[in-house]
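Take a look at the structure below.
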Amino acid sequence: MELRLRRGMGAGAAAFGWVAAGTGYPWAFTTTAALMVCALARALTDRRTALRATADDGPFQP
C-alpha cells in the first residue's frame, strides 16, 4: 500500500512539474485547484449515495 501511495505522489508531482513548466506556476496551481474541486464534488456525491443506500437498508442486522 505504501509503495502505491508513494508512486501516486510521485506521479502527481511529476504531472504538476510538467504543467508548471509549460504554463507557469499560476496556471499550474489554477489547474490543480480545478481538479481538486472536481474530485471533491465527486467524493461528496459518492458519499451522499452511500449514505442514502445505508438509510434504505434499515437497521443494522448482524
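- In the hydrophobic clustering, V19 connects to W18, either directly or through intervening members, whenever side-chain heavy atoms lie under 4.5 Å apart.
- Residues that satisfy the side chain to side chain contact (heavy atoms under 4.5 Å, CB included) test with L40, not counting sequence neighbours, are L44.
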Identify each donor-acceptor pair in which a side-chain atom of residues 25-32 lies under 3.5 Å from a protein atom, sequence neighbours left out, and give them as a table.
residue: T30; atom: OG1; partner: P26; partner atom: O; Å: 2.8
residue: T31; atom: OG1; partner: W27; partner atom: O; Å: 2.8
residue: T32; atom: OG1; partner: A28; partner atom: O; Å: 2.9

